[in-house]
Amino acid sequence: NFGAASYPVFNSISDVTPLTDKFLGFVDTKIKAPDAADVAAKAVDGLLAIPDAAITEYKGVLSKGVYAGVSNANCVTLTGSGATLQKLQ
């Protein structure tokens with residue numbers, strides 16, 4: 001159900017800059033600097049801990065159900081100013 005619910009939302013986003021700016025603002029204001037690296041490392045560890053079989057299963061559900069009929073011709077291409085990337089460099 002997540003994929004079915006999330007697709008219209010993600011498909012409506014054409015510029016990720018405001019979203020990433022909010023995320024970076026949240027991290028800057030809510031997470032103390034010494035803890036930020038630990039938070040990032042734990043987030044990466046959490047993603048890496050997802051079993052390959054679960055990812056493969058989710059990919060199948062998305063491609064056969066949620067994204068069935070989606071092609072390059074009818075899919076949104078993300079754009080942006082690059083401002084967020086410049087902040088991270």
Side-chain angles (χ1 to χ4, degrees):
N1 287 340
F2 170 76
S6 65
Y7 179 72
V9 173
F10 289 127
N11 201 38
S12 70
I13 298 171
S14 59
D15 183 355
V16 297
T17 302
L19 181 63
T20 54
D21 283 347
K22 290 284 186 184
F23 175 76
L24 292 175
F26 172 79
V27 170
D28 285 345
T29 59
K30 301 291 183 185
I31 301 173
K32 294 180 174 88
D35 298 330
D38 188 48
V39 168
K42 287 180 179 172
V44 169
D45 288 345
L47 291 173
L48 293 174
I50 300 170
D52 290 346
I55 293 171
T56 302
E57 179 183 355
Y58 187 63
K59 175 187 165 197
V61 168
L62 290 177
S63 64
K64 291 183 177 99
V66 176
Y67 298 122
V70 176
S71 69
N72 291 343
N74 62 7
C75 190
V76 171
T77 301
L78 289 176
T79 61
S81 64
T84 301
L85 179 60
Q86 292 171 357
K87 290 177 186 177
L88 296 173
Q89 293 178 333

Are Leu24 and Ile31 in one and the same hydrophobic cluster, where Ile, Leu, Val, Met, Phe, Trp and Tyr link if side-chain heavy atoms are under 4.5 Å apart? yes

Mind checking whether Ile55 and Leu48 sit in one hydrophobic cluster, side chains of I, L, V, M, F, W, Y counted as touching below 4.5 Å? no

Summary of side chain to side chain donor-acceptor pair (under 3.5 Å) pairs that have at least one residue in residues 26-38, sequence neighbours excluded: Asp38-Lys42

Is Asp52 atom CG crowded by more than 12 heavy atoms from other residues, nucleotides or ligands, each under 6.0 Å away? no

